[in-house]
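Heavy-atom basis, side chains included; hydrogens, waters and symmetry copies ignored.
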Amino acid sequence: MPTDSLNDVAWCSSSEMEKFLCNLLLDSTQPISERFRALFSLRNLKGPTPRTALIQATRDSSNLLAHEAAFALGQMQEQESIPALTAVLNDLSLHPIVRHEAAEALGAIGLDSNVSLLKHSLNSDPAQEVRETCELALQRILNLKHDDDTNHDLTAPGISPFKSVDPAAPATSCSSVNQLRELLLDEEKGMYERYAALFALRNDGGNEAVAAIIDSLGSKSALLKHEVAYVLGQLQNKAASDALSDILRDVNEHPMVRHEAAEALGSIADNQSVALLEEFTADPEPLVSQSCQVALSMLEFERSGKSFEFLFMRTPIVQ
């Protein structure tokens with residue numbers, strides 16, 4: 001069913017909607033922005049049908065879509081996804097950004113049984129960003145296990161005010177923005193500690209905190225920089241626009257960082273950001289060009305007052 005046809009339907013059964021969304025997600029002939037609409041809609045649903053479609057999407061020819069599908073599976077925290085995510089993590093033929101997201105998803109699900117899977121890739125994956133993600137995920141699981149001894153809630157650490165399952169819980173040992181800034185910018189500190197400082201600064205959200213986050217875009221780690229760009233998109237603070245624009249323009253920057261910068265600029269959505277996104281829809285790197293296309297599509301829906309996700313009602317009104 002074409003998307004226009006679905007938008008004309010006032011009422012749709014849940015099974016019909018799931019089938020439509022799964023078919024759209026997996027249809028490589030459809031525009032990437034429409035496939036992302038399906039993906040974002042499916043990640044809010046539970047059950048084997050959405051999960052199976054998202055698992056299939058982790059093998060998509062679009063690395064952007066594949067990595068987002070792995071991210072969605074982690075956010076859903078369904079244990080049934082673990083074998084598929086493990087297979088993605090171990091498949092070195094897949095793009096590092098997809099493997100990275102599979103590792104992060106295993107950390108988000110948070111089971112102790114995932115430790116051995118992550119340790120294997122920590123010691124063997126050739127991509128630094130994947131190894132660093134495994135380090136993060138292992139520390140998150142360790143923290144979950146420690147926390148479970150006291151409150152028996154596996155999902156509490158890492159749940160942010162932005163409703164995302166974060167790869168690290170915000171730091172609590174630092175009492176000031178300056179201390180958090182020093183920790184975030186310290187190249188000698190472990191990745192989990194720096195992520196924890198990043199999320200604490202994000203949750204603070206003040207001008208000094210945002211400035212510290214922007215400064216960390218100069219980090220040596222592509223993994224950290226991509227998360228910094230993601231956080232700046234969550235904050236939607238226009239003070240980050242210039243720095244994110246510089247990242248997007250830098251063709252020598254890691255594609256995963258440029259991709260997150262593009263999405264963050266879409267969230268900030270000032271005139272300069274929108275113009276730059278339009279320019280880079282033709283970037284030769286698909287992770288970047290597709291990110292710009294999706295960001296502009298999301299912005300168009302937001303400005304029109306419509307939901308980017310597909311919405312439906314289960315039962316028709318009897319007139």
Distance alone, cut at 3.5 Å: any donor-acceptor contact between the side chains of [X] and [Y]?
{"X": "Asp242", "Y": "Gln272", "result": "yes"}
{"X": "Asn143", "Y": "Gln139", "result": "yes"}
{"X": "Ser273", "Y": "Asp270", "result": "yes"}
{"X": "Glu129", "Y": "His226", "result": "no"}
{"X": "Gln75", "Y": "Arg43", "result": "no"}

Close side-chain approach of Arg249 to Leu276, heavy-atom, < 4.5 Å: yes

For Phe162, all residues meeting ring-ring contact (aromatic ring centres under 6.0 Å, His included), sequence neighbours excluded: none

State whether the side chain of [X] and the backbone N or O of [Y] hold a donor-acceptor pair below 3.5 Å, judged by distance alone.
{"X": "Arg140", "Y": "Asp166", "answer": "yes"}
{"X": "Thr281", "Y": "Glu278", "answer": "yes"}
{"X": "Asn44", "Y": "Phe40", "answer": "yes"}
{"X": "Glu78", "Y": "Glu80", "answer": "no"}

Considering residues, nucleotides and ligands other than [X], do more than 12 of their heavy atoms fall under 6.0 Å from its [atom1]?
{"X": "Asp215", "atom1": "CG", "value": "yes"}
{"X": "Lys220", "atom1": "NZ", "value": "no"}
{"X": "Asn123", "atom1": "CG", "value": "yes"}
{"X": "Glu300", "atom1": "CD", "value": "no"}
{"X": "Gln236", "atom1": "CD", "value": "yes"}

Val98: which of His95, His100, Glu101 passes side chain to side chain contact (heavy atoms under 4.5 Å, CB included): His95

Arg194: which of Glu135, Glu187, Glu227 passes salt bridge (Lys or Arg N to Asp or Glu O under 4.0 Å): Glu187

Lys/Arg N to Asp/Glu carboxylate O, Glu34 vs Arg37, below 4.0 Å: yes

